[in-house]
Structures are given as structure tokens and as C-alpha cells.
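Just below is one structure, and these are the notes that go with it.
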Amino acid sequence: MKKKIKYQYNIESEYKGKIDFNTDEILPVISRILDILFDIDEVFLNSCLQEFTFKSISFDILFVDDKRIQDVNRDFRNKDTPTDVITFALFADDDFKIVMDNDIYLGEILISLDTANLQAKNGVKNEVLTLICHGILHLLGFDHQTDEDYNFIVNIQDRVINLL
């Protein structure tokens, strides 16, 4: 890792359905995901953080259902369909990046637990961790407008999940 970074993240849920895991048990895994990501040179060196001095990063994760994520997808992306994860990469997408009190607020990750349940091949918890990793990559400024960019993100997230 390039420098020791403190992570601050919050998980909230608007999801009314049954969750097959305790959100408290994934909190320490998120720190591990971040540690692994920041140990990968091609991630840290190409992230939106590279040019900045900071001691901590923070972001939020919100669990929602398909209806809520479809509303967000329609309103912000003009796609009237549910999806698995949507990020609001506030720091990466802002032209006027602000570091306050040595903290960078990266933004928010929304995850549809309905879609995660449908996609889960190795359990919902593993699918959610994969979506969190994918969302964090977006918060760090990585996007997948091309097949090459998509393959990069998927390869990185698969590497991280395999190391967990």
C-alpha cells in the first residue's frame, strides 16, 4: 500500500426483505477489500486519489430493493430497469475535488439486494461483497464505457474477491 489510509464507511438499509447475512459481519471485510485494492499498483496509481494528500476516505453503502434502484436508475441514468449496483462517485466525478480535514468523501454505493439474490452463485453475502468491490472501484474513478475498461474492473474485482 502506498500509505496508511483510514477507512470510514457506513452501511444502511432500506431493504424490507429478508437478508441472508448480518451486515455487521461484512464491515471488516470491506476494510480488507480496500487494503487489497490499494495494494494493487494499477488501482491506486490510476485512481482519483493519486494527486491528493489525505489521511482517510469515507463513503456510504445503501441496500435497497429493485423498485428503489430502478427509480434511481431511471432518474439519474435514463435507464428504466433495475440493476445490481449504482454509484454516485462524488469525488471522482467532481471537477472541484475537496479534501476536508484530511478526509475524502468518495460518495455512495446503492446495491439492490433483490438483484443480488437473483445473481448470487456463491451465496448472497459473496455477491454483495463483489458488488461492494465493484462500487468502490467506481468511487475511485474507474468506469466501464468500453469492453477494455469493463474487463479491467471485473478482473480487479475477481482478484480481490479471490484473495478474501
Side-chain angles (χ1 to χ4, degrees), residues 1-15 19 21-64 68-69 72-73 75-77 83-113 116 123-146 148-164:
M1 184 173 357
K2 305 307 165 225
K3 57 183 167 180
K4 184 63 181 160
I5 301 169
K6 181 179 177 188
Y7 313 127
Q8 301 175 50
Y9 41 84
N10 183 44
I11 296 179
E12 293 191 21
S13 181
E14 294 178 356
Y15 190 70
I19 301 174
F21 60 91
N22 183 335
T23 56
D24 289 342
E25 68 190 46
I26 66 171
L27 288 172
V29 183
I30 297 170
S31 291
R32 181 76 179 120
I33 289 170
L34 288 159
D35 284 342
I36 295 168
L37 284 172
F38 288 138
D39 277 340
I40 300 172
D41 285 339
E42 58 199 318
V43 171
F44 187 81
L45 296 174
N46 293 299
S47 77
C48 64
L49 304 175
Q50 183 53 36
E51 305 291 322
F52 295 89
T53 301
F54 61 96
K55 292 184 180 172
S56 64
I57 59 169
S58 57
F59 57 92
D60 295 302
I61 298 169
L62 178 62
F63 294 139
V64 298
R68 172 85 156 109
I69 210 160
V72 171
N73 206 16
D75 294 348
F76 291 93
R77 300 180 65 229
T83 189
D84 50 6
V85 61
I86 293 177
T87 57
F88 291 96
L90 301 179
F91 188 79
D93 292 344
D94 192 345
D95 291 336
F96 305 100
K97 296 175 179 8
I98 298 172
V99 180
M100 295 198 48
D101 297 325
N102 288 311
D103 179 64
I104 293 176
Y105 179 70
L106 294 175
E108 185 174 34
I109 301 169
L110 276 71
I111 294 174
S112 170
L113 292 181
V124 177
K125 179 180 167 184
N126 286 337
E127 181 66 18
V128 167
L129 290 172
T130 300
L131 295 173
I132 288 171
C133 183
H134 188 93
I136 291 169
L137 285 164
H138 281 301
L139 293 181
L140 293 173
F142 297 94
D143 209 347
H144 44 76
Q145 299 298 321
T146 68
E148 181 182 347
D149 291 340
Y150 177 79
N151 291 334
F152 173 82
I153 287 177
V154 170
N155 287 335
I156 294 292
Q157 85 186 22
D158 289 349
R159 280 172 58 189
V160 170
I161 297 304
N162 286 331
L163 289 170
L164 290 179

Report yes if some heavy atom in the side chain of [X] is under 4.5 Å from a heavy atom in the side chain of [Y]; otherwise report no.
X      : Y      : value
Thr53  : Val99  : no
Ile104 : Ile98  : no
Ile109 : Leu62  : no
Ser13  : Ile19  : yes
Phe59  : Phe91  : no
Ser112 : Asp84  : no
Glu42  : Ile156 : yes
Ile36  : Val43  : no

Between [atom1] of [X] and [atom2] of [Y], what distance do you get to the nearest 0.5 Å?
X      : Y      : atom1 : atom2 : result
Leu139 : Ile61  : CG    : CD1   : 8.5 Å
Asp60  : Gln8   : CG    : CD    : 10.5 Å
Lys6   : Ser31  : NZ    : OG    : 11.0 Å
Ile136 : Leu34  : CD1   : CG    : 4.0 Å
Leu106 : Asp93  : CG    : CG    : 11.0 Å
Arg159 : Leu164 : CZ    : CG    : 13.0 Å

I'd like to know if the side chain of [X] reaches the main chain of [Y], judged simply by a donor and an acceptor atom lying under 3.5 Å from each other, with no hydrogens or angles considered.
X      : Y      : value
Tyr7   : Ile30  : no
Asn22  : Asp24  : yes
Asp143 : Gln145 : no

Aromatic contact, Phe76 with Phe88 (centres under 6.0 Å):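 They qualify: ring centres under 6.0 Å apart.
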Sub-6.0 Å ring centroid separation between Phe152 and Phe142: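 Ring centroids of Phe152 and Phe142 are less than 6.0 Å from each other.
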Leu140 and Phe38: CA distance, side-chain angles, deciding distance, side chain to side chain contact (heavy atoms under 4.5 Å, CB included) verdict: CA-CA 10 Å; Leu140 293 173; Phe38 288 138; 4.1 Å; yes
[atom1]/[X]: more than 12 non-hydrogen atoms of other groups inside 6.0 Å:
X      : atom1 : result
Lys97  : NZ    : yes
Asp75  : CG    : yes
Glu148 : CD    : no
Glu51  : CD    : no

Stepwise side chain to side chain contact (heavy atoms under 4.5 Å, CB included) test for Leu27 and Ile11: CA-CA 8 Å; Leu27 288 172; Ile11 296 179; 3.6 Å; yes
Restricting to non-hydrogen atoms, name the atom on [X] and the atom on [Y] that form the minimum distance, rounded to 0.1 Å.
X      : Y      : answer
Cys133 : Ile161 : CB-CD1, 4.4 Å
Ile26  : Phe63  : CD1-CZ, 4.1 Å
Val64  : Tyr15  : O-CD1, 3.4 Å
Ile5   : Phe44  : CD1-CE1, 4.1 Å

Side chain to side chain contact (heavy atoms under 4.5 Å, CB included) between Tyr9 and Ile57, intermediate numbers included: CA-CA 8 Å; Tyr9 41 84; Ile57 59 169; over 6 Å; no
Cation-pi, Phe21 ring and Lys125 (6.0 angstrom, 45 degrees):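 The answer is no; the distance or angle limit is not met.
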Residue of the set Val85, Ile111, Thr87, Val160 for which side-chain contact (heavy atoms from CB on, under 4.5 Å) holds with His134: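 Exactly one pass, corresponding to Val85.
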Working for side-chain hydrogen bond (donor to acceptor under 3.5 Å, both in side chains), residues Asn10 and Glu12: CA-CA 7 Å; Asn10 183 44; Glu12 293 191 21; 2.9 Å; yes
Test log, rule side-chain hydrogen bond (donor to acceptor under 3.5 Å, both in side chains), inputs Asn73 and Thr83: CA-CA 8 Å; Asn73 206 16; Thr83 189; 5.0 Å; no
Residues forming a side-chain contact (heavy atoms from CB on, under 4.5 Å) with Asp149, sequence neighbours excluded: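 Here the qualifying residues are His144, Thr146.
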